[in-house]
Amino acid sequence: VATMANEVILLDFWPSMFGMRTRIALREKGIEFEYRDEDLWNKSPLLLETNPVHKKIPVLIHNGKPVCESTIQVQYIDEVWSDKNPILPSDPYQRAQARFWVDFIDKKMYDAQRKVWWTKGEEQETGKKEFIELLKTLESELRDKTYFGGDDFGYVDIGLIGFYSWFHACEKYGNLNIESECPKLIAWAKTCMQRESVAKSLPDSEKVIKFVTEIRKKFMIE
C-alpha cells in the first residue's frame, strides 16, 4: 500500500519520449507509482493545476508536490531515492558531461525526428539529413562503450532511449534505414531494451507507427 510518505503519481501520455524518461527512472529505482495517461486534447484539471506554466506532461507528483520537466524529474528522482541505482555520475565533471549531452538531445532530437515523420518533400529531406547527422554525433560520443556513461546505464541513456520507440515511424515515413547509418547506436538501444525498466516504459513501435499514421491523416500530411 502506498503510504503518504511515498505517494507518487505520474501524469503522462504513452507515446511521449519525455514521459518515458521519468517512467524509466522510477522503475530503475524500484519506485511504485500511479500512472495516469492524459488526453492532450482535453487536459485534466489536475494537469492544468500542477503545471500551470507549460500545461504539459509529464508531471511527477510526489506527496502532493508537482515536479515538472522530464530532465528535472529524473534528477529529482535520483536525489530523493539516492540509495540505489544512481542515475547521474558521482564525479562532478562526468555529471556535467552527462547534463551537456541530455541538454543537446533536448535541444535537437524532438524537432529533428518530427521533421522526418511530420513533413514531406524538401523539408523532409533536410530533416532526414539533420536527424542522421544528430544520431551520428551521439554515436561518436557513445564510441565502443556499452552505455553512454561506460558500463553503467545512466542519465544520458535515459535521456535518449525513449526516442528509439519512434525510430520505426521515422524509417517508415522518412524511408530511412537507421541501423545501416548508425549500427553502434542501434546496438546500444537493443542493449537498453533488455533492461526491464526500459522494456516496460517504452511503447511498442508498431503502436507508435499507428499513432503517427493517425496524426498524419488528421493533419492531412499524406
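Everything numeric here is computed off the predicted structure, so don't read it as measured data.
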[Y] and [X] side chains, donor-acceptor separation under 3.5 Å:
X	Y	result
Gln124	Tyr173	no
Arg27	Ser201	yes
Asp157	Tyr155	no

More than 12 heavy atoms of other groups within 6.0 Å of [X] [atom1]:
X	atom1	result
Asp204	CG	yes
Asp91	CG	yes
Lys172	NZ	no
Lys145	NZ	yes

Using 0.5 Å steps for rounding, measure from the [atom1] atom of [X] to the [atom2] atom of [Y].
X	Y	atom1	atom2	answer
Ile186	Met193	CD1	CE	11.5 Å
Ser205	Phe211	OG	CZ	14.5 Å
Trp166	Trp117	CH2	CH2	4.5 Å
Ile77	Ile87	CD1	CD1	6.5 Å
Asn85	Asp152	CG	CG	9.5 Å
Phe13	Leu47	CZ	CG	12.0 Å

Side-chain contact test, heavy atoms from C-beta onward, threshold under 4.5 Å: evaluate it for [X] versus [Y] and give yes or no.
X	Y	result
Leu46	Ile61	yes
Leu10	Ile57	no
Phe104	Val102	no
Ile161	Ile24	yes
Pro183	Glu139	yes
Leu185	Leu160	yes
Arg36	Ile9	yes

Output yes when a side-chain donor or acceptor of [X] lies under 3.5 Å from a complementary backbone atom of [Y], and no otherwise.
X	Y	answer
Gln73	Thr22	no
Asn63	Glu7	yes
Lys108	Leu134	no
Glu38	Ser44	yes
Glu181	Ile132	no
Glu34	Val8	no
Asp78	Pro86	no
Lys55	Pro52	yes
Lys56	Asn51	no
Arg95	Pro89	yes

* Please walk me through it: do Asn6 and Trp81 pass side-chain contact (heavy atoms from CB on, under 4.5 Å)? -> CA-CA 11 Å; Asn6 257 340; Trp81 292 280; 3.5 Å; yes
* For Lys207 and Trp14, run side-chain contact (heavy atoms from CB on, under 4.5 Å): C-alpha distance rounded to whole Å, both residues' side-chain angles, the deciding distance at 0.1 Å, then the answer. => CA-CA 10 Å; Lys207 195 179 170 193; Trp14 69 268; 3.6 Å; yes
For a quick test of reading the model, state the closest non-hydrogen atom pair linking [X] to [Y] and the distance between them.
X	Y	value
Ala169	Val212	CB-CG2, 4.0 Å
Trp188	Thr146	CD1-O, 3.4 Å
Pro58	Asp12	CB-OD1, 4.3 Å
Cys182	Leu135	SG-CB, 3.7 Å
Glu179	Glu171	N-OE2, 4.1 Å
Val116	Gly174	CG1-CA, 3.8 Å

Does [X] share a hydrophobic cluster with [Y], counting links as ILVMFWY side-chain heavy atoms below 4.5 Å and allowing steps through other members?
X	Y	result
Trp118	Leu176	yes
Trp41	Leu48	no
Val208	Phe219	yes
Ile209	Tyr110	no
Tyr93	Trp101	no

* Asked: Got a salt bridge between Arg21 and Asp106, using NZ or NE/NH1/NH2 to carboxylate O under 4.0 Å?
  -> yes
* **Lys/Arg N to Asp/Glu carboxylate O, Glu133 vs Lys128, below 4.0 Å** => no
* To do: For the pair Cys68 and His54, evaluate side-chain contact (heavy atoms from CB on, under 4.5 Å) and give the outcome as yes or no after the intermediate values.
  => CA-CA 9 Å; Cys68 300; His54 296 303; 5.7 Å; no
* Which of these, Glu122, Glu130, Glu123, Glu125, sits in a salt bridge (charged side-chain N to carboxylate O under 4.0 Å, His left out) with Lys115? -> Glu130
* Could you check Lys200, Arg23, Arg195 and say which one makes a salt bridge (charged side-chain N to carboxylate O under 4.0 Å, His left out) with Glu28? => Arg195
* To do: Give the C-alpha distance, both sets of side-chain angles, the deciding distance and a yes or no for side-chain contact (heavy atoms from CB on, under 4.5 Å) between Val198 and Tyr164.
  => CA-CA 11 Å; Val198 177; Tyr164 175 63; over 6 Å; no
* Asked: Taking the inter-plane angle between the rings of Phe131 and Phe167 on a 0 to 90° scale, is it parallel (under 30°), tilted (30 to 60°) or perpendicular (over 60°)?
  -> perpendicular
